[in-house]
A.B. asks: 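Let me begin by handing over the structure; questions about it come next.
Hydrogens, waters and symmetry mates are skipped; everything else that's a heavy atom, side chains included, is used. Residues take their numbers from the sequence shown, with the count starting at 1. Everything numeric in this text was worked out from a predicted model, so none of it was measured.
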Amino acid sequence: MIDEGLKIDLYKEQDGKCIYCNKDYPIKDLIFDHIFPRSFSDTSDNYIVLTCYKCNDYKSNKNLLMNLNSSAF
């Protein structure tokens, strides 16, 4: 389980924005996301960001590079 201290650190690092859509959100409206889904790699815990629910749902089981090539982001 990922702790709240990490969430606060990521929130500050990302300036309170979703990593994908770059919109501002309160910390309670951002969730952890693995840039490389766990299904792609056993070491994905090293690649955690905060994302809004909408972007996280859209991203699903794709990785960050797949999403950057999408017209949705």
Side-chain angles (χ1 to χ4, degrees):
M1 180 169 195
I2 304 167
D3 69 27
E4 285 301 307
L6 177 58
K7 187 172 186 177
I8 292 167
D9 290 345
L10 288 172
Y11 187 78
K12 290 176 185 175
E13 184 178 307
Q14 293 177 209
D15 295 321
K17 299 179 186 306
C18 168
I19 199 76
Y20 299 124
C21 66
N22 206 36
K23 293 181 183 175
D24 291 316
Y25 287 94
I27 195 168
K28 68 178 181 58
D29 291 338
L30 293 171
I31 56 175
F32 290 113
D33 182 52
H34 292 84
I35 294 174
F36 300 102
R38 290 180 182 183
S39 62
F40 282 45
S41 170
D42 291 336
T43 60
S44 63
D45 285 347
N46 295 321
Y47 302 99
I48 296 172
V49 295
L50 293 177
T51 183
C52 67
Y53 287 95
K54 183 179 178 181
C55 288
N56 187 275
D57 189 48
Y58 174 80
K59 179 182 167 274
S60 185
N61 200 36
K62 296 177 282 245
N63 69 40
L64 177 62
L65 296 176
M66 290 174 177
N67 283 325
L68 290 176
N69 290 324
S70 166
S71 61
F73 290 105

A.B. asks: If I take atom CG from residue Asn22 and atom CD from residue Gln14, how far apart are they, to the nearest 0.5 angstrom?
C.D. replies: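 With rounding to 0.5 Å, CG (Asn22) is 9.5 Å from CD (Gln14).
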A.B. asks: Quick one: do Tyr25 and Leu6 end up in the same hydrophobic cluster if we chain Ile, Leu, Val, Met, Phe, Trp and Tyr together by side-chain heavy atoms under 4.5 Å apart?
C.D. replies: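 Yes; tracing contacts between hydrophobic side chains, which count when under 4.5 Å, links both residues.
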A.B. asks: Determine, using the 4.5 Å side-chain heavy-atom cutoff (strictly less than), whether Ile19 and Tyr47 are members of one ILVMFWY cluster.
C.D. replies: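 As far as the 4.5 Å side-chain criterion goes, Tyr47 and Ile19 are connected within one cluster.
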A.B. asks: Do any pairs count as a salt bridge (charged side-chain N to carboxylate O under 4.0 Å, His left out) and have a residue in residues 13-23, sequence neighbours left out, and if so which ones?
C.D. replies: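 Every salt bridge (charged side-chain N to carboxylate O under 4.0 Å, His left out) pair that includes a residue of residues 13-23, provided the two are not neighbours, is Lys17-Asp24.
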A.B. asks: Do Phe32 and Thr51 come within less than 4.5 Å of each other through their side chains, counting heavy atoms only?
C.D. replies: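 Result no, sub-4.5 Å side-chain heavy-atom pair not found.
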A.B. asks: Applying the 4.5 Å side-chain criterion to the ILVMFWY set and letting contacts propagate, would Ile8 and Ile48 be lumped into a single cluster?
C.D. replies: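 Yes; tracing contacts between hydrophobic side chains, which count when under 4.5 Å, links both residues.
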A.B. asks: Partners of Tyr11 by side chain to side chain contact (heavy atoms under 4.5 Å, CB included), sequence neighbours excluded?
C.D. replies: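 Only Ile27, Leu30, Leu50 meet the side chain to side chain contact (heavy atoms under 4.5 Å, CB included) criterion with Tyr11.
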A.B. asks: Under 3.5 Å, is there a donor on one side chain and an acceptor on the other for Tyr20 and Asp33?
C.D. replies: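 Short answer, yes.
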A.B. asks: To the nearest 0.5 Å, how far apart are SG in Cys21 and CG in Asn56?
C.D. replies: 11.5 Å
